[in-house]
Amino acid sequence: MLKFELTSDTKMYCGKKLFRIKALISFKNVKGGDLGGYIEKEENISQHSNAWVYDNAVVYGNAVVYGDARVYGNARVSGNARVYGNARVSGDARVSGDAWVSGDAVVSGDAWVSGNAWVSGNAMVYGDAVVYGNADYTTIHGFGSMHRTTTFFRQKDGSIGVKCGCFFGTLEQFREKVKETHRNSKFAKEYLTAADLMELHFLRRNRIAPN
């Protein structure tokens with residue numbers, strides 16, 4: 001049984017005619033009859049999983065959303081992109097090119113994931129992040145009192161962004177928050193050492209980047 005259909009509610013986007021989708025059956029937090037976001041063709045979303053596109057989000061080109069993945073807000077998924085697993089793409093985020101977003105990864109805010117980038121696991125890419133390849137973001141896991149996953153990523157202005165639990169900010173703001181929260185503990189030393197390593201990693205990338 002098909003889980004959704006294309007409706008007659010359409011709009012043009014980037015030269016593509018997109019159709020709003022409508023659920024035919026209930027699954028996960030979607031009820032039969034609910035309207036979703038916009039897609040170009042049925043192949044953009046799996047008919048045999050819990051994946052869904054919500055709100056004003058759009059999926060077009062050869063992009064595919066499947067598994068338990070969700071795309072919502074004003075997010076855009078295009079090109080040959082794949083969004084799957086428990087991944088979430090929201091806000092004004094864009095996933096394009098040959099990029100893959102999978103696992104429990106979250107891409108939100110004004111983040112842009114493109115090229116051959118693969119954002120996976122528990123990675124969280126927020127704000128003004130620009131991820132064109134795997135070298136534009138990295139994660140560490142198991143640090144701090146809560147053993148969180150912390151994601152470091154390149155932002156549009158060239159600075160380094162950090163997402164860790166409820167914290168989102170620049171690398172310098174992260175250092176200040178660590179000192180405030182963990183004082184002189186082992187957790188603080190681990191996080192600050194990681195921050196120094198990430199600074200070295202991304203600055204090295206800046207030096208070898210073409211003008």
Side-chain angles (χ1 to χ4, degrees), residues 65 67-73 75-77 81-209:
V65 181
D68 289 321
R70 299 180 187 179
V71 180
Y72 49 100
R76 288 152 282 183
V77 181
R82 298 290 184 269
V83 180
Y84 61 100
N86 292 310
R88 304 289 182 267
V89 180
S90 64
D92 291 313
R94 300 183 187 184
V95 179
S96 61
D98 293 311
W100 286 25
V101 180
S102 64
D104 293 313
V106 176
V107 179
S108 187
D110 292 318
W112 194 329
V113 179
S114 187
N116 294 309
W118 193 332
V119 180
S120 61
N122 294 308
M124 297 184 182
V125 180
Y126 276 65
D128 291 324
V130 179
V131 179
Y132 289 111
N134 294 336
D136 288 329
Y137 91 100
T138 190
T139 64
I140 60 172
H141 178 70
F143 288 84
S145 58
M146 301 297 291
H147 309 293
R148 299 185 188 282
T149 294
T150 304
T151 306
F152 300 84
F153 49 87
R154 189 186 308 281
Q155 301 194 102
K156 292 178 182 177
D157 62 2
S159 64
I160 303 168
V162 185
K163 181 71 175 71
C164 182
C166 295
F167 173 85
F168 168 66
T170 66
L171 191 63
E172 283 308 310
Q173 290 169 338
F174 176 68
R175 286 186 172 116
E176 292 303 313
K177 187 64 176 179
V178 166
K179 293 174 184 176
E180 174 188 328
T181 303
H182 297 292
R183 306 294 179 181
N184 294 317
S185 69
K186 173 179 178 290
F187 299 135
K189 293 175 182 177
E190 288 179 341
Y191 272 134
L192 292 174
T193 298
D196 290 342
L197 177 62
M198 294 305 127
E199 185 172 49
L200 176 63
H201 170 72
F202 286 106
L203 284 177
R204 180 176 181 276
R205 288 281 301 168
N206 284 340
R207 290 192 190 103
I208 64 175

Trainee: Just checking, Lys177 and Phe167: is the charged tip under 6.0 Å from the six-membered ring centre and within 45° of the axis?
Mentor: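 Verdict for Phe167: no cation-pi partner in Lys177.
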Trainee: Could you pull out the closest heavy-atom pair between His182 and Ser145, with the gap in Å?
Mentor: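 His182 and Ser145 have their closest heavy atoms at CE1-OG, 4.1 Å.
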Trainee: For Ala195 versus Phe152, what's the shortest heavy-atom pair and its separation?
Mentor: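 Looking at all heavy atoms of both residues, the shortest contact is CA-CE2, 4.5 Å.
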Trainee: Taking all atoms of both residues into account, what is the closest heavy-atom pair of Arg183 and Ala188, and its distance?
Mentor: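 Reported closest heavy-atom pair: O-CB, 3.2 Å.
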Trainee: Where do Trp112 and Ser96 land on the side chain to side chain contact (heavy atoms under 4.5 Å, CB included) test, with the steps shown first?
Mentor: CA-CA 8 Å; Trp112 194 329; Ser96 61; 3.3 Å; yes
Trainee: With distance as the sole criterion, is a donor-acceptor pair present between the side chains of Ser120 and Ser102 under 3.5 Å?
Mentor: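 No, no side-chain donor-acceptor contact under 3.5 Å.
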Trainee: As an exercise, state the distance from CZ of Phe187 to NE2 of His147, rounded to the nearest 0.5 Å.
Mentor: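 One finds 6.5 Å between CZ of Phe187 and NE2 of His147.
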Trainee: Do other residues, nucleotides or ligands put more than 12 heavy atoms under 6.0 Å from Asn184 CG?
Mentor: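 Not more than 12 within 6.0 Å, no.
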Trainee: Take a 6.0 Å sphere around NZ of Lys156 and say whether it holds more than 12 heavy atoms from other residues, nucleotides or ligands.
Mentor: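 Result for NZ/Lys156: enclosed.
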Trainee: If I compare all heavy atoms of Met198 with all of Ile160, which pair ends up nearest, and what's the gap?
Mentor: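 Smallest heavy-atom distance, with atoms named: O-CD1, 4.0 Å.
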Trainee: Do you know which of Leu171, Thr170, Val130, Asp136 makes side chain to side chain contact (heavy atoms under 4.5 Å, CB included) with Gln155?
Mentor: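 Checked Leu171, Thr170, Val130, Asp136 against Gln155; only one passes side chain to side chain contact (heavy atoms under 4.5 Å, CB included): Thr170.
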Trainee: Please walk me through it: do Cys164 and Phe143 pass side chain to side chain contact (heavy atoms under 4.5 Å, CB included)?
Mentor: CA-CA 10 Å; Cys164 182; Phe143 288 84; over 6 Å; no
Trainee: Minimum heavy-atom separation for Asp196 to Arg175, with atom names?
Mentor: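 Smallest interatomic distance, heavy atoms only, reads OD1-NH2, 2.9 Å.
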Trainee: Out of curiosity, Gln173 CD to Glu180 CD, how far, rounded to the nearest 0.5 Å?
Mentor: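 Separation between the atoms: 12.0 Å.
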Trainee: Just so I know, are the side chains of Tyr191 and Thr150 near enough to count as touching, which here means a heavy-atom distance under 4.5 Å?
Mentor: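 A side-chain contact exists here, since the closest heavy-atom pair is under 4.5 Å.
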Trainee: Between Asp92 and Arg76, is the side chain to side chain contact (heavy atoms under 4.5 Å, CB included) condition met? List the steps.
Mentor: CA-CA 7 Å; Asp92 291 313; Arg76 288 152 282 183; 4.0 Å; yes
Trainee: Using 0.5 Å steps for rounding, measure from the NE2 atom of His141 to the OG1 atom of Thr151.
Mentor: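 One finds 11.0 Å between NE2 of His141 and OG1 of Thr151.
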Trainee: Specify the closest pair of heavy atoms between Phe153 and Tyr137, including all atoms of both residues, with the distance to one decimal.
Mentor: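 Closest pair (atom of Phe153, atom of Tyr137, distance): CB-CB, 3.8 Å.
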